[in-house]
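Read through the structure below, which is laid out as structure tokens, and then see the notes.
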Number of protein chains: 2
Amino acid sequence: MWNFKTPGIPDEEFERAEKVPITKEEVRVVQISKARLKPGQIVYDIGCGSGSISVEAALQIEPSGKVLAIDYDKNAIELTKKNMIKFDLSNISVIHGNAKEKILDLEKADTIFIGGTGGDTKEIVELSENKLKSGGRIVIGIILIETLYSVLQVLEKLQFESVDITQITISKSRKTSKGTMMLARNPVTIISATKI
Amino acid sequence: MWNFKTPGIPDEEFERAEKVPITKEEVRVVQISKARLKPGQIVYDIGCGSGSISVEAALQIEPSGKVLAIDYDKNAIELTKKNMIKFDLSNISVIHGNAKEKILDLEKADTIFIGGTGGDTKEIVELSENKLKSGGRIVIGIILIETLYSVLQVLEKLQFESVDITQITISKSRKTSKGTMMLARNPVTIISATKI
């Protein structure tokens with residue numbers, strides 16, 4: 001359960017599993033904010049991993065909205081289900097399979113989050129153009145330089161406007177015996193845009 | 001007006017004035033998330049500047065809650081009032097003066113944001129200990145190394161737990177004639193903690 005209205009559930013509140021990635025708290029909060037959510041919306045979470053974005057989105061869109069969480073990794077699907085139960089949510093539908101095939105059958109979305117997508121990010125952005133409602137938002141979390149380049153190239157050719165590229169680098173403190181040091185995390189780039 | 005449930009109003013939506021600072025969108029979103037807001041809460045925004053944190057907090061705590069926004073700069077006070085009107089909010093009380101004196105008379109808070117406080121941050125953190133309800137949150141945005149050091153020193157002596165130190169560095173893209181470059185912003189450190 002998360003009893004607050006604001007997003008930003010601490011990472012340690014989620015169920016975790018080895019090798020299933022989680023979008024960390026601060027980056028997750030920025031991604032959720034770029035999506036501009038409101039109650040009743042339909043949200044895809046493509047490459048849902050541990051389901052942390054699905055959970056935060058589900059809380060924001062309330063029971064009148066629905067999150068469709070997709071992953072090709074069975075462990076991710078199981079973990080997302082566990083987190084859905086842990087946070088007492090019933091508005092997440094979990095879909096196991098290849099996002100490129102699975103999203104073709106889904107109802108149109110107000111927001112599409114794209115995360116770890118095993119090299120298919122460009123193709124999924126292309127498919128997302130047709131699945132987003134006009135005025136809908138796409139939010140893509142990117143680690144690899146090659147993915148960043150290919151998404152930028154393809155976004156220019158599609159029906160998107162207000163493209164925002166934000167790179168975030170987070171450091172967190174650690175107490176040592178001699179004082180407080182900052183430990184750096186890897187930079188993440190978030191691309192967000194509005195469907196025309 | 002902001003018609004979304006999620007925080008993260010784009011910077012350009014706010015009224016601005018020369019020499020009055022604004023907490024930029026992505027850093028603001030992380031600060032709001034660290035506060036863990038819910039409807040009905042009492043929030044101080046100390047060193048409110050342009051009022052961007054006051055506006056986002058006021059939206060999250062809804063009309064049943066109240067933001068008390070304090071600044072010693074008259075231009076900041078005027079600007080916060082303008083933004084309160086622009087976003088159609090009536091649950092922000094704007095207080096002009098020295099926060100060290102002004103907060104003594106205020107009702108107890110669920111959350112205290114501390115921003116640009118002209119060298120008084122340490123003293124304001126000390127005073128905040130008594131003004132926060134048990135379980136309340138303090139969220140401090142810090143630019144200066146000296147402030148970071150002094151706040152860390154003082155927090156250890158006060159009744160706070162779950163101290164989190166997060167440094168955020170944001171870069172934003174800019175289109176040039178030859179391609180897309182990333183422009184770096186200065187790092188901001190956010191300290192948050194819970195009153196015991």
Side-chain angles (χ1 to χ4, degrees), chain A residues 2-10 12 24-41 56-57 59-62 65 110-111 137 148-149 152-153 155-156 162-175 179-185 187 189-192, chain B residues 2-10 12 24-41 56-57 59-62 65 110-111 137 148-149 152-153 155-156 162-175 179-185 187 189-192:
Chain A
W2 181 246
N3 291 318
F4 304 99
K5 187 172 173 185
T6 41
I9 302 168
E12 57 270 24
K24 298 228 167 55
E25 180 189 328
E26 293 85 3
V27 172
R28 189 190 331 127
V29 157
V30 174
Q31 289 193 249
I32 290 285
S33 78
K34 296 290 185 192
R36 299 176 192 159
L37 301 173
K38 54 183 168 186
Q41 289 184 328
E56 299 254 28
L59 289 166
Q60 295 294 320
I61 62 177
E62 300 184 4
D110 297 284
T111 290
R137 300 277 295 164
L148 180 54
Y149 174 78
L152 267 188
Q153 295 293 106
L155 264 184
E156 288 193 352
S162 309
V163 176
D164 177 277
I165 309 173
T166 299
Q167 190 187 66
I168 305 182
T169 308
I170 297 286
S171 299
K172 302 288 289 189
S173 66
R174 179 185 288 174
K175 282 265 180 204
T180 309
M181 68 178 289
M182 300 304 290
L183 286 175
R185 290 184 182 161
T189 304
I190 300 169
I191 298 184
S192 55
Chain B
W2 181 247
N3 291 319
F4 304 100
K5 186 170 173 185
T6 41
I9 302 169
E12 57 270 24
K24 297 228 167 53
E25 181 189 327
E26 292 85 4
V27 172
R28 189 190 332 126
V29 157
V30 174
Q31 289 192 251
I32 290 284
S33 79
K34 296 288 186 193
R36 299 176 193 163
L37 301 173
K38 55 184 168 184
Q41 289 185 328
E56 300 255 28
L59 289 166
Q60 295 294 320
I61 61 177
E62 300 183 3
D110 297 283
T111 291
R137 300 277 294 163
L148 180 54
Y149 173 79
L152 268 187
Q153 295 294 106
L155 264 185
E156 288 192 352
S162 308
V163 177
D164 177 276
I165 309 173
T166 300
Q167 190 187 66
I168 306 182
T169 309
I170 297 285
S171 299
K172 302 287 287 188
S173 66
R174 180 187 286 174
K175 282 265 181 205
T180 309
M181 68 178 289
M182 299 304 291
L183 287 174
R185 292 184 181 160
T189 304
I190 300 169
I191 298 184
S192 55

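Quick note on labels: first sequence line is chain A, next is B, and so on, each numbered from 1. Just so it is clear, the model here is predicted, and its values are computed rather than measured.
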Of the non-hydrogen atoms in B/Pro7 and A/Ser33, which two are nearest, and what is the gap between them? O-CB, 3.1 Å
Just to verify, which of B/Ile190, B/Val29, B/Thr166 counts as forming a side-chain contact (heavy atoms from CB on, under 4.5 Å) with A/Glu26? B/Thr166
Is it the backbone or the side chain of B/Glu25 that comes under 4.5 Å from a heavy atom of chain A, or both, or neither? side chain
Please state whether the side chain, the backbone, both or neither of A/Leu152 comes within less than 4.5 Å of a heavy atom of chain B. side chain
Determine whether B/Ile165 and A/Met182 satisfy the following criterion, side-chain contact (heavy atoms from CB on, under 4.5 Å), listing intermediate values before the conclusion. CA-CA 8 Å; B/Ile165 309 173; A/Met182 300 304 290; 4.1 Å; yes
Donor-acceptor pair, side chain of B/Thr6 and main chain of A/Leu37, under 3.5 angstrom: yes
Using non-hydrogen atoms only, which part of B/Leu59 is less than 4.5 Å away from chain A: side chain, backbone, both, or neither? backbone
Contact origin within A/Leu148 toward chain B - heavy atom pairs under 4.5 Å: neither
Mind listing the closest non-hydrogen atom pair of B/Lys172 and A/Lys34 along with its distance? NZ-NZ, 3.7 Å
Can you say whether A/Thr189 sits under 4.5 Å from chain B via the side chain, the backbone, both, or neither, judging by heavy atoms? neither
Audit row: B/Arg36, A/Trp2, side-chain contact (heavy atoms from CB on, under 4.5 Å) steps and yes/no: CA-CA 10 Å; B/Arg36 299 176 193 163; A/Trp2 181 246; 3.8 Å; yes
Please flag which part of A/Gln31 lies under 4.5 Å from any non-hydrogen atom of chain B: side chain, backbone, both or neither. neither
What part of A/Glu62 gets within 4.5 angstrom of chain B, counting heavy atoms only: side chain, backbone, both, or neither? side chain
What residue in B/Arg185, B/Lys38, B/Gln41, B/Gln167 has the most heavy-atom pairs under 4.5 Å with chain A? B/Gln167
Check each atom of A/Pro187 against the heavy atoms of chain B and say whether the ones under 4.5 Å are side chain, backbone, both or neither. neither
Pick from A/Val163, A/Thr169, A/Thr180 with the largest number of heavy-atom pairs that fall under 4.5 Å of chain B: A/Thr169
